[in-house]
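Step one of this worksheet: look at the structure below.
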Amino acid sequence: QVQLVESGGGLVQTGGSLRLSCAASGRTFRSYAMGWFRQAPGKAREFVAAISWSGDSTYYSDYVKGRFTISRDRATNTMYLRMNSLEPEDTAVYYCAAGEFQGVLTEAKQYLYWGQGTQVTVSS
């Protein structure tokens, strides 16, 4: 069992930046692929970014590529999402997830564990 807790969300103006954190506890963190998803009101949950268990491989959705950076610190069992050049379209609840896989996972159904989410609001 893995518990995930997100933090770092908030209100920011267009063009601003935020860094989300996802703290993991429970079973060993190092063997899990990790990812970020988001869900805007009235829309389906969508993939944002993913990182392999080693941290060597990452993958981004086309919407955030070049603006967001995913990373992880295995020493502290924490994953991050650095978000730059934020746009109103990035407004959503952001969720972190963990899956029992060493590579990169891009589909929500591949993930076993989910956090409670953190709200990101970008004002125009």
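For the residue pair Asp73/Thr78, the side-chain donor-acceptor check at 3.5 Å is not satisfied.
One distance of note links OH of Tyr60 with CD1 of Ile70; it measures 6.5 Å at 0.5 Å rounding. Considering CD of Gln1 and CG of Leu112, their distance stands at 9.5 Å, rounded to 0.5 Å.
Proximity of Leu18 to Leu86: side-chain heavy atoms (C-beta onward) are separated by under 4.5 Å at one or more points. Proximity of Tyr63 to Arg38: side-chain heavy atoms (C-beta onward) are separated by under 4.5 Å at one or more points. Annotation: side chain of Leu81 is in contact with side chain of Val48 (closest heavy-atom distance under 4.5 Å).
Applying the salt bridge (charged side-chain N to carboxylate O under 4.0 Å, His left out) test to every pair with at least one member in residues 76-86, sequence neighbours left out, gives no pairs at all. Counting only residues at least two apart or on different chains, no salt bridge (charged side-chain N to carboxylate O under 4.0 Å, His left out) pair has a member in residues 8-17.
Every ring-ring contact (aromatic ring centres under 6.0 Å, His included) that Phe37 has, sequence neighbours left out, goes to Phe47, Tyr111, Trp114. Under the side chain to side chain donor-acceptor pair (under 3.5 Å) criterion, Thr121 pairs with Gln119, not counting sequence neighbours. By the side chain to side chain donor-acceptor pair (under 3.5 Å) test, Arg67 is found to be paired with Asp90, residues two or more places apart in sequence or in another chain being considered. Annotation: side chain to side chain donor-acceptor pair (under 3.5 Å) contacts of Tyr95 (sequence neighbours excluded): none. For the side chain to side chain donor-acceptor pair (under 3.5 Å) test, no residue two or more places apart in sequence or in another chain qualifies with Lys43. Under the side-chain contact (heavy atoms from CB on, under 4.5 Å) criterion, Ala23 pairs with no residue, sequence neighbours left out. Qualifying salt bridge (charged side-chain N to carboxylate O under 4.0 Å, His left out) partners for Asp56, counting only residues two or more places apart in sequence or in other chains: none.
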In a table with atom names and distances, give each donor-acceptor pair under 3.5 Å that connects a side chain of residues 2-15 to protein atoms at least two apart or in another chain.
from: Glu6; atom 1: OE1; to: Gln116; atom 2: N; distance (Å): 3.0
from: Glu6; atom 1: OE1; to: Gln116; atom 2: NE2; distance (Å): 3.4
from: Glu6; atom 1: OE1; to: Gly117; atom 2: N; distance (Å): 2.9
from: Glu6; atom 1: OE2; to: Cys96; atom 2: N; distance (Å): 2.9
from: Glu6; atom 1: OE2; to: Gly117; atom 2: N; distance (Å): 3.2
from: Thr14; atom 1: OG1; to: Ser123; atom 2: O; distance (Å): 2.7

Output a table of donor-acceptor pairs, distance under 3.5 Å, between side-chain atoms of residues 100-108 and any protein atom two or more places apart or on a different chain; print 'none' if there are none.
from: Glu100; atom 1: OE2; to: Arg27; atom 2: NH1; distance (Å): 3.4
from: Glu100; atom 1: OE2; to: Tyr32; atom 2: OH; distance (Å): 3.4
from: Gln102; atom 1: OE1; to: Trp53; atom 2: NE1; distance (Å): 3.4

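Contact record, Leu20 with Trp36: CB-CH2, 3.7 Å, taken as the closest heavy-atom pair. Minimum heavy-atom separation, Pro88 to Ser124: CG-CB, 3.9 Å.
When the side chains of ILVMFWY residues are joined at heavy-atom separations under 4.5 Å, either directly or via intervening members, Met79 and Tyr113 end up in a single hydrophobic cluster. Residue Val64 is not grouped with residue Tyr59 when hydrophobic side chains (ILVMFWY) are merged at heavy-atom distances under 4.5 angstrom, including chains of intermediate members.
Side chain of Arg72 to main chain of Ala33: no donor-acceptor pair is present (N/O by atom type, distance under 3.5 Å, no hydrogens or angles).
Listed by chain and number, the hydrophobic cluster partners of Tyr80 come to none, as no ILVMFWY side chain reaches under 4.5 Å of it.
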